[in-house]
There are 2 protein chains.
Amino acid sequence: MEPETIVEQLQSKGHRMTVPRRWIIRVLCEADHHLTVEDVHRRLVENDIKVDEATVYRTLQWLKENEAVSQTDIGQGADVYCLIGDQPHHHLICLNCNHIVDVSDDLFAGLRETLIERYRFAPRIDHFAIFGLCEGCRSELARDED
Amino acid sequence: MEPETIVEQLQSKGHRMTVPRRWIIRVLCEADHHLTVEDVHRRLVENDIKVDEATVYRTLQWLKENEAVSQTDIGQGADVYCLIGDQPHHHLICLNCNHIVDVSDDLFAGLRETLIERYRFAPRIDHFAIFGLCEGCRSELARDED
DNA sequence: CTACATGCAAATCCTTTGCATCCAC
DNA sequence: GTGGATGCAAAGGATTTGCATGTAG
């Protein structure tokens with residue numbers, strides 16, 4: 001997704017566009033994974049952009065409120081942020097080995113429909129973290145129990 | 001669910017059963033909602049049970065590892081803990097009014113199957129938090145946009 | 001010009017940890 | 001008796017906030 005698209009969308013909604021905001025959006029666009037606040041901040045510093053970490057927090061919060069990014073607790077201390085874009089994705093996280101597998105969004109098509117129809121609830125399932133056990137750890141743990 | 005059942009299950013796995021552990025299990029059994037660490041601790045104090053908050057953290061962590069309770073980030077700062085029991089339940093949380101609706105577990109039957117079949121991943125979907133907009137807030141926000 | 005965003009530093013809040021003591025088994 | 005659990009106090013880490021200053025519109 002292009003930074004300009006997001007910038008324009010936000011401006012058209014009447015939001016102010018500042019230098020830190022532009023840069024944070026750009027960093028998110030260039031990232032191929034989700035990022036923590038610290039990650040975003042580090043990338044800015046690496047590019048000699050002086051932005052306070054509090055500003056990163058505030059900007060990501062603002063982007064989330066404007067449905068441009070998702071915020072997810074993947075159980076690693078700091079929340080991760082990710083551009084929503086056109087193709088949301090989700091994660092399977094192994095409780096044992098912490099390995100993360102990406103899964104596509106169509107997995108949630110049924111759930112989305114049911115929630116809207118049965119509960120009239122419009123879910124923002126843009127970046128789910130599902131915890132559980134991967135195949136390897138499952139068989140390993142089963143073996144240990146003997 | 002009865003405290004004794006859980007106590008026995010854990011003992012049979014070779015775990016030590018102490019006074020704080022028994023009480024924390026009891027508090028969880030008597031709660032009809034999920035509780036934060038602080039909630040659990042408060043209820044202990046109210047019953048004149050002197051248990052350190054660090055112990056509550058450690059015990060809940062231990063119960064989670066033994067699949068007796070779920071731990072969920074419902075976006076309110078502190079994580080909430082809940083006995084898994086026989087009938088897991090989940091929550092729809094409105095991003096606008098913060099209202100929480102409980103939903104039953106059968107909503108996730110399809111997702112569980114797909115994850116196991118397609119990814120060989122055994123999800124621990126015992127207490128999901130799905131964020132989104134409830135019907136009321138949705139129409140309210142739609143009205144504001146005009 | 002003015003409302004809003006930022007930088008800076010301090011505060012807050014949740015959670016974890018080290019270590020001496022205690023107790024379940 | 002002994003390994004594991006607890007209490008206590010302190011540390012740690014993520015996130016928020018107050019306020020003076022800067023700046024987009």
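Please read all numbers here as calculations on a predicted model, not as lab measurements.
- Note on B:Q11: only backbone sugar-phosphate atoms sit closer than 4.0 angstrom, heavy atoms only; bases stay farther off.
- Atom CZ of B:R58 and atom C1' of C:dC14 are 15 Å apart (whole Å).
- Contact between the side-chain N/O atoms of B:Y57 and the OP1/OP2 oxygens of C:dT16 is not found at any separation under 4.0 Å.
- Within the hydrophobic cluster formed by Ile, Leu, Val, Met, Phe, Trp and Tyr side chains joined at under 4.5 Å, directly or through other members, A:L115 is accompanied by A:L92, A:V101, A:V103, A:L107, A:F108, A:L111, A:Y119, A:F121, A:I125, A:F128, A:I130, B:L92, B:V101, B:V103, B:L107, B:F108, B:L111, B:L115, B:Y119, B:F121, B:I125, B:F128, B:I130.
- For the segment residues 14-22 of chain A, residues with any heavy atom less than 4.0 angstrom from an atom of DNA chain C are, sorted by number, A:R16, A:T18, A:P20, A:R21.
- Sequence order on DNA chain C of the closest nucleotides to B:D52 and B:Q76 puts B:Q76 first from the 5' end.
- Taking the salt bridge (Lys or Arg N to Asp or Glu O under 4.0 Å) definition, one finds that B:R16 meets it with nothing, sequence neighbours left out.
- Looking at B:R26, its side chain never comes within 3.5 Å of a backbone N or O of B:R21 through a donor-acceptor pair.
- Summary of helix geometry: the two end axes of the helix from C:dC1-D:dG25 to C:dC25-D:dG1, each defined by five base pairs via their C1' atoms, are inclined to each other by 50° (rounded to 10°).
- Annotation: side chain to side chain donor-acceptor pair (under 3.5 Å) contacts of B:H15 (sequence neighbours excluded): B:W62, B:N66.
- With sequence neighbours excluded, the residues forming a side-chain contact (heavy atoms from CB on, under 4.5 Å) with A:E8 are A:E4, listed by chain and number.
- Evaluation of the salt bridge (Lys or Arg N to Asp or Glu O under 4.0 Å) rule for A:D73 yields no partner, not counting sequence neighbours.
- Note that the first and last nucleotides of DNA chain D, 5' to 3', having any atom under 4.0 angstrom from a heavy atom of chain A are D:dA14 to D:dG25.
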Compile the donor-acceptor pairs under 3.5 Å between side chains in residues 48-61 of chain A and protein atoms, sequence neighbours left out, one pair per line.
from: A:D52; atom 1: OD2; to: A:A54; atom 2: N; distance (Å): 2.9
from: A:T59; atom 1: OG1; to: A:T55; atom 2: O; distance (Å): 2.7

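- Chaining together hydrophobic side chains whose heavy atoms lie under 4.5 Å apart leaves B:I84 on its own.
- Every side chain to side chain donor-acceptor pair (under 3.5 Å) that B:S104 has, sequence neighbours left out, goes to B:D106.
- Residues passing the side-chain contact (heavy atoms from CB on, under 4.5 Å) test with A:R124, sequence neighbours excluded: A:K64, A:E67, A:D126, B:L95.
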